[in-house]
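Written below as structure tokens is the structure these notes are about.
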Amino acid sequence: MREIQDIFNLMAKINQSLGEFIIENQSEFKYSSGELSRLINSIRLAAKVVNHKVNKAGLVDILGTAGNNNIQGEDQQKLDVFANEVFINTLTNREIVCGIASEEEDDFITIKGRNQKNDNKYVVLMDPLDGSSNIDVNVSVGTIFSIFRRITPSGTPVTIDDFLQPGINQVAAGYIVYGTSTMIVYTTGHGVNGFTLNPAIGTYYLSHPNMKIPQDGHIYSVNEGNYVHFPQGVKDYIKYCQKEEEDRPYTSRYIGSLVSDFHRNMIKGGIYIYPNTSKDPNGKLRLLYECNPMAMLAEQAGGKASNGFESILKIQPTSLHQRVPFFCGSTKMVEKAEEFMQKHNNTRE
Ligand code: AHG
Ligand code: MN
Ligand code: MN
């Protein structure tokens with residue numbers, strides 16, 4: 001009898017929709033809960049619109065480059081531009097967000113709110129479309145978001161200081177993976193939960209409650225094509241991963257979409273590395289749009305994120321599009337990689 005009840009309870013949990021979950025858990029949030037719920041709701045809505053477009057890629061004119069570069073000199077894809085517009089429009093038309101910073105925008109956007117009073121409380125930083133290089137070849141892409149409370153006084157326009165906060169101040173962070181199924185995975189500082197979209201009815205259901213990264217793993221994810229440019233610490237760590245000893249060699253898996261690589265490693269256990277290289281002394285990934293939110297998710301799931309020397313979440317940002325070396329995933333693997341980095345003390349070789 002008890003067993004049957006347990007099964008019913010489990011089914012009830014699995015069938016909980018994201019909307020229901022947000023309402024049920026909003027009291028855990030230490031600030032005004034309704035606002036953050038509305039903010040997560042608007043991200044959920046934007047993600048459905050982007051998902052719809054991603055699913056039709058190949059059928060509608062959405063593949064290929066948009067013909068311009070973003071501020072970081074990267075080719076903007078049509079889907080980069082589309083996703084950026086959808087998220088900005090969805091977040092702007094609600095009285096919650098006072099500013100948005102995006103990988104695809106030169107500068108941050110100020111939002112006055114419907115009453116023109118600049119009294120909304122949250123800033124959102126995002127990578128609207130992560131893994132652009134995979135769009136044209138039907139491989140998973142994603143969206144990454146990071147949410148802070150503003151630090152400047154309500155009633156005044158946001159300033160750069162509202163965006164340049166260390167990751168430890170994030171009040172929520174998450175990603176959407178447009179994969180074989182579409183999922184939203186997010187945290188508000190009380191663990192990590194994953195929701196899968198049922199495309200037939202357009203509803204996300206709690207499919208991965210209380211996600212935890214295995215403490216140790218057997219997968220390392222790094223673009224080994226750049227090996228010759230890696231610092232000696234990363235070269236040595238890769239050789240360690242490949243050595244036939246104890247539970248090694250590990251498996252190498254690299255999709256080239258941070259969201260998908262992180263998602264796999266979170267479920268199976270693993271480490272994702274995008275180090276500094278001799279070509280890019282700060283690496284490639286962006287602290288504010290990619291590394292901070294993934295670091296919060298990793299830590300909330302019991303994992304770790306570092307630049308090889310210190311916690312990502314403790315870094316004080318100095319500019320919007322700042323890049324940072326990134327080592328993220330299972331705690332034991334990240335600590336081992338840090339050990340190699342620190343042995344050589346090679347931030348820039
Ligand atoms: P974006 O598409 O937002 O520019 O991000 C791409 C990032 C990240 O998703 C991925 O892991 C990494 O760049 C891949 O870079 P390489 O092609 O240099 O390996
Ligand atoms: Mn990205
Ligand atoms: Mn991007």
Side-chain angles (χ1 to χ4, degrees), residues 46-47 50 53-54 57 62-66 68-88 100-106 124-146 173-179 185 219-231 234 238 252-266 270-295 297-298 305 312 320-329:
V50 173
K53 198 69 134 186
V54 168
I62 194 69
L63 297 179
T65 64
N68 33 312
N69 283 356
N70 65 16
I71 188 160
Q72 296 150 76
E74 297 159 342
D75 256 358
Q76 278 183 319
Q77 307 289 311
K78 286 180 195 159
L79 261 178
D80 282 326
V81 175
F82 177 80
N84 190 44
E85 278 169 12
V86 169
F87 274 93
I88 289 174
I100 301 172
S102 164
E103 183 186 281
E104 302 302 338
E105 298 288 327
D106 296 2
V124 177
L125 299 94
M126 63 175 179
D127 176 356
L129 213 288
D130 173 67
S132 301
S133 66
N134 282 323
I135 297 168
D136 289 358
V137 292
N138 208 349
V139 172
S140 297
V141 291
T143 295
I144 310 173
F145 60 91
S146 161
Y175 60 81
I176 297 110
V177 53
Y178 310 100
V185 175
I219 297 173
Y220 70 102
S221 311
V222 60
N223 184 344
E224 280 185 72
N226 294 328
Y227 187 88
V228 290
H229 300 294
F230 285 164
V234 172
I238 290 174
S252 165
R253 289 282 182 274
Y254 190 74
I255 296 168
S257 286
L258 170 64
V259 167
S260 311
D261 281 309
F262 178 91
H263 185 70
R264 181 203 52 243
N265 290 357
M266 177 148 73
I271 183 170
Y272 176 95
I273 303 178
Y274 209 111
N276 47 305
T277 66
S278 46
K279 284 191 301 181
D280 298 306
N282 295 312
K284 176 184 183 189
L285 299 185
R286 281 128 301 205
L287 173 60
L288 299 183
Y289 315 122
E290 292 166 319
C291 303
N292 266 343
M294 289 313 199
L297 287 160
I312 290 289
L320 274 184
H321 302 289
Q322 179 174 347
R323 296 172 195 262
V324 71
F326 195 49
F327 299 73
C328 183

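Both ligands and their constituent atoms are indexed starting at 1 by order of listing.
With hydrogens left out, the protein atom closest to atom 15 (O) of ligand 1 is Lys284 NZ, 2.9 Å, a heavy atom. If you check which protein heavy atom lies closest to atom 4 (O) of ligand 1, you get Arg286 NH2, 3.2 Å. When hydrogens are left out, the protein atom nearest atom 19 (O) of ligand 1 is Tyr254 OH, 2.6 Å; that is the closest non-hydrogen contact. Considering only non-hydrogen protein atoms, atom 10 (C) of ligand 1 sits nearest to Gly256 O, 3.3 Å. The nearest protein atom to atom 18 (O) of ligand 1, hydrogens excluded, is given as Tyr274 OH, 2.6 Å; this is a heavy-atom distance.
Asn84 contributes atom CG, which lies 13.5 Å from atom CD of Gln77 (distance to the nearest 0.5 angstrom). Considering CD of Glu290 and CZ of Phe145, their distance stands at 14.5 Å, rounded to 0.5 Å. Between the CG atom in Asp261 and the CG atom in Leu258 there is a gap of 7.0 Å [rounded to 0.5 Å]. Atoms CD1 and CZ, from Ile219 and Arg253 in turn, are 6.5 Å apart once rounded to the nearest 0.5 Å. Between Ser146 atom OG and Tyr289 atom OH the span is 10.0 Å, to the nearest 0.5 Å. Expressed to the nearest 0.5 Å, how far NZ of Lys284 lies from CG of Asn226 amounts to 9.0 Å.
Counting heavy atoms under 4.0 Å from ligand 1, residue Leu258 touches it through both backbone and side chain. With a heavy-atom cut-off of 4.0 Å, Ser132 touches ligand 1 through backbone and side chain alike. The side chain of Tyr272, and not its backbone, has at least one atom closer than 4.0 Å to an atom of ligand 1 (non-hydrogen atoms only; side chain from C-beta on). For Leu285, every heavy-atom contact with ligand 1 shorter than 4.0 Å involves the side chain, none the backbone. Both the backbone and the side chain of Asp130 come within contact range of ligand 1, each with a heavy atom under 4.0 Å.
Atoms of ligand 1 lying under 4.0 Å from at least one heavy atom of Leu129, given by number and element, are 2 (O), 3 (O). Numbered from 1 in the order shown, with element, the atoms of ligand 1 that lie under 4.0 Å from a heavy atom of Glu103 read 1 (P), 3 (O), 4 (O). Distances below 4.0 Å separate heavy atoms of Ser257 from the following atoms of ligand 1: 9 (O), 11 (O).
The aromatic rings of His263 and Tyr175 stand perpendicular to each other, their planes meeting at an angle above 60°, with 30° marking the opposite boundary.
The atom of Glu290 nearest to the Mn ion (ligand 2) is OE2, with the search restricted to N, O or S atoms. When you scan the N, O or S atoms of Glu103 for the one nearest the Mn ion (ligand 3), you land on OE2. Of all the N, O or S atoms in Asp130, the one closest to the Mn ion (ligand 2) is OD1.
At least one side-chain heavy atom of Ile312 sits under 4.5 Å from a side-chain heavy atom of Phe326. Under the 4.5 Å side-chain criterion, counting only non-hydrogen atoms from C-beta, Val259 is not in contact with Tyr178. Val139 places a side-chain heavy atom less than 4.5 Å from the side chain of Ile255.
Side-chain contact, Asp80 with Ser132: a donor N or O sits under 3.5 Å from an acceptor N or O.
Summarising the local packing, CG of Asn69 is surrounded by more than 12 heavy atoms from other residues, nucleotides or ligands at distances under 6.0 Å.
Within the structure, the closest approach of Val141 to ligand 1 does not fall below 4.0 Å when heavy atoms are considered. In this structure, Tyr289 falls outside the shell of residues with a heavy atom less than 4.0 angstrom from ligand 1. Under a 4.0 angstrom heavy-atom cut-off, Ser133 registers as lying outside contact with ligand 1. At least one heavy atom of Asp127 sits under 4.0 Å from some atom of ligand 1.
For the pair O of Leu129 and OD1 of Asp127, the angle at the Mn ion (ligand 3) is about 90°; rounding is to 10 degrees.
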Go through it in stages, so that I can follow the logic: the residues are Leu297 and Phe262, the test is side-chain contact (heavy atoms from CB on, under 4.5 Å), and I'd like the CA-CA distance, side-chain angles, deciding distance and then a yes or no.
CA-CA 10 Å; Leu297 287 160; Phe262 178 91; 4.1 Å; yes

